[in-house]
Every structure is written in C-alpha cells, then in structure tokens.
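Remarks on the structure that follows.
Throughout, residue positions are numbered sequentially from 1 according to the sequence presented. All values below were derived from every heavy atom in this structure, side-chain atoms included, with hydrogens, water molecules and symmetry-related copies excluded.
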Amino acid sequence: MKPQREFVAERVAAQHCEALLRSGPKADPLIAFARFGERLAEGLPSALAPWHGALPPVVACGAARQCDGAELGAGIGSLASNCLVVYAAQDHPLLLSIGAPSVFSLIDRAFGGRGTVPDPLPGAFPGSGDVLIQRIELLIAERIGIALEQAVRPLRRDASFARLAPFAPACRVATLDIAISGDRALENWSFTLAASLEAIPHICGDGGHAAKPPRAPSAADPAAEPFGAVPLHLCAVLVETQVPVSALAALEVGSVLPVAVARKVPLRIGGRTIAHGTVGELDDRAALQISSLA
C-alpha cells in the first residue's frame, strides 16, 4: 500500500546535551579503600581469636591515607614482615606489612609471653617465628579475599621493603592501618595495607556497595592451632579432709589416716573445677569417668 502523503515530524527530535551524556564522577579511591578496610575489620576478630586466648580482639581500621612509595617505605622501616597478595586472575598487588614491633610481640605471645617487644629491636626475625608469621599472613590474606569476594593468594614476601620493592618511589599509594587490641595485659599490635591508587578500582571496585553488617563472633575451636596441642595439667582430687596440727605433728611411718573418697571426684585445672567424675578402672589402671561438667 502506497501512502498518499509524506509523514512530517510535528517537532524537532530531542537531543541530550553532552553534559548529560557524560558518565558521572569517578569514585574516590580512598573512600573505596576505606570501605574495604571496614569490611575486613568486621571479619578479623573471630579469625584472630585463637591468637588472643580464644577471645575475639577489638579490630579498628584507621582512615585511608595517601602517600608515595618512598614515604611508605620510610614509614615501614628496614625490618618488617612484608607480603604481596594478588587476585588469582589479576595483576594488582596489595601489600600486607606487619611492623617489626608487632612481629616480635606476636612471637613472644605465641611462646607464652604477654607480647613484650624487645628493646632494642633485633636486626632480624628469629627462624622460629617465621613460620608463625607466615600463618598469620595467610590468615589475614584469607580474610582479605572474603572482604573482596575474590580469590586472593600470596605472591612473594620479604623482611626488607627495599628488596620487595612493591611500589615505585614516586607511585601514589593509598594506605590503611589496622589496629588489633585484646586483653589489657597483652601488648597491642597492628598491620598496614597499601595499594597504588591506580590499582584500587581493580581491587576494590567502585566502593559503592554498603559494608556488610557486623557478625557475632563465632566460638573459637579449642582443637585448632596454635593452642590445640598445648598440654594442660589436670588434677583429680580424690580426698579432701581436715587434720589438726597435733595429728600432723605426730605423723610417722605406719600412721593411718581414716579418709572417705568422694563419690563425685572434682577434676581441676589451675584450681578451677571443670568437671566431676567417678573413680573406676580401665586396663588395670585407675581411671575417672566424667559424670558432669562444671
């Protein structure tokens, strides 16, 4: 069918101005990095609980700051536990650095101390503490991956920032300081995260999504390391009786003290009763069958 007339537009078609067609302003990389730090801080307490006597520590994320690679290296110093972590499919490294005082504090804490930092600091880390620090780095790297919702793996590590050379001296870098505090009797410690400003959109995205709500810390697994293999001294109290001083003074070989064994024998650790049991025999040896838990 052939139209009998031509169609004419009633008015000029709308044209959008260039300002409306342009994309919005780019997200501030420091804001995106800070939001990532907040998400990381939410998941760290339960993960670090085994290193703080099974009680979740308080984790605080500082404000994101900007500096260059040279300033970052000067702040970290000549001795630190420096580890580069990357996405499984990306080439944008994220620096995880635990300062020398924090490293020595963690080593002292792992060997039964209160996290005391030696003064002056030694010039190198002890070999016995290297495996310990690597385990903490892996633990933090795992939580970084959860916060970023990406697979993360350690790339390389070095106690010398200069040898590791994670950033060029003039590279603009964003940094976050994460502080960990627990029992007041123990020394606090911290670590630093750093990434180039150019890499933050690849690592953290645009930072626009909201941080996840804090989760209640889960109970630490007592069978997990580093405390799962720590031996504890158990004491089963078979008899408790009162004896006058005169009877004690008259004790000699062959003396007989009448006692009565309790039906429920308390089982104690460090003076604290944790359970009760009944005395029996197992494989020709005296044994205690737990009847109730304190």
Trace of the side chain to side chain contact (heavy atoms under 4.5 Å, CB included) decision for Leu79 with Leu121
CA-CA 10 Å; Leu79 180 65; Leu121 288 174; 5.9 Å; no

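- In terms of the salt bridge (Lys or Arg N to Asp or Glu O under 4.0 Å) criterion, Arg156 has no residue partners (sequence neighbours excluded).
- Nearest heavy atoms, Ala194 versus Thr175: CB-CG2, 4.0 Å.
- Scanning both residues, Ser97 and Ala80, for their nearest heavy atoms gives OG-CB, 3.9 Å.
- Residues that satisfy the salt bridge (Lys or Arg N to Asp or Glu O under 4.0 Å) test with Asp177, not counting sequence neighbours, are Arg65.
- Clustering ILVMFWY residues whenever any of their side-chain heavy atoms sit less than 4.5 angstrom apart, transitively, puts Leu94 in a cluster other than the one holding Leu138.
- When Val103, Leu96, Ile98 are each tested for a side chain to side chain contact (heavy atoms under 4.5 Å, CB included) with Ile136, only one passes: Ile98.
- Residues Thr273 and Pro266 come closest through the heavy atom pair CG2-CB, 4.1 Å.
- Grouping the Ile, Leu, Val, Met, Phe, Trp and Tyr side chains by contacts below 4.5 angstrom, directly or via other members, places Ile274 with Val265.
- The main-chain N or O of Asn188 is never found under 3.5 Å from a side-chain atom of Ser181 such that the two would form a donor-acceptor pair.
- Rounding to the nearest 0.5 angstrom, the gap separating the CD1 atom in Ile146 from the CZ atom in Arg39 is 12.5 Å.
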Run the side chain to side chain contact (heavy atoms under 4.5 Å, CB included) test on Leu193 and Phe36 for me, step by step, so that the C-alpha distance in whole Å, both residues' side-chain angles and the decisive distance to 0.1 Å come before the verdict.
CA-CA 11 Å; Leu193 294 175; Phe36 151 68; 3.9 Å; yes

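- The structure places CD1 of Ile140 at 4.0 Å from CZ of Phe191, a figure rounded to the nearest 0.5 Å.
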Evaluate the criterion side chain to side chain contact (heavy atoms under 4.5 Å, CB included) for residue pair Cys61 and Leu176; output intermediate values, then yes/no.
CA-CA 7 Å; Cys61 177; Leu176 284 174; 3.9 Å; yes

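- Distance CG/Leu132 to CD1/Ile107: 6.0 Å, rounded to 0.5 Å.
- By the 4.5 Å heavy-atom criterion applied to side chains, Pro122 and Phe104 are counted as neighbours.
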May I have the list of side-chain donor-acceptor pairs in residues 285-294 shorter than 3.5 Å, sequence neighbours left out?
| from | atom 1 | to | atom 2 | distance (Å) |
| --- | --- | --- | --- | --- |
| Ser291 | OG | His276 | O | 3.2 |

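- Of all the heavy atoms in Ile200 and Pro29, the pair that sits closest is CG2-O, 3.5 Å.
- Among all heavy-atom pairs drawn from Ala64 and Ala34, the shortest one is CB-CB, 4.1 Å.
- Between the side chain of Arg172 and the backbone N or O of Leu197, no donor-acceptor pair lies under 3.5 Å.
- Partners of Arg157 according to the salt bridge (Lys or Arg N to Asp or Glu O under 4.0 Å) rule, which considers only residues two or more places apart in sequence or in another chain, are Asp130, Glu137.
- Using modelled atom types, one side-chain atom of Asn82 and one backbone atom of Asp158 make a donor-acceptor pair closer than 3.5 Å.
- Cluster annotation: Leu155 is connected to Phe161 through the hydrophobic network of ILVMFWY side chains, with a link wherever side-chain heavy atoms come within less than 4.5 Å.
- Within the hydrophobic cluster formed by Ile, Leu, Val, Met, Phe, Trp and Tyr side chains joined at under 4.5 Å, directly or through other members, Leu251 is accompanied by Val243, Leu248, Leu257.
- Under the 4.5 Å side-chain criterion, counting only non-hydrogen atoms from C-beta, Ile203 is not in contact with Phe33.
- Remark: side-chain polar atoms of Glu71 are paired, donor with acceptor, to backbone N or O of Asp68 under 3.5 angstrom.
- With sequence neighbours excluded, no residue forms a ring pair (Phe, Tyr, Trp, His ring centres under 6.0 Å) with Phe167.
- Distance CD/Glu38 to CD1/Ile178: 9.5 Å, rounded to 0.5 Å.
- At a threshold of 4.5 Å between non-hydrogen side-chain atoms, the residues Leu95 and Leu72 count as touching.
- Other residues, nucleotides and ligands contribute more than 12 heavy atoms inside 6.0 Å of the CD atom of Gln134.
- Looking only at side-chain heavy atoms (C-beta outward), Ile31 and Arg35 come within less than 4.5 Å of each other.
- In this structure, Leu44 and Ile180 have side chains that are not in contact, with every pair of non-hydrogen atoms separated by 4.5 Å or more.
- Heavy atoms only, all atoms of each residue included: Leu48 and Pro57 are closest at CB-CG, 4.0 Å.
- The distance from atom CZ of Arg163 to atom OG of Ser78, rounded to the nearest 0.5 Å, is 10.0 Å.
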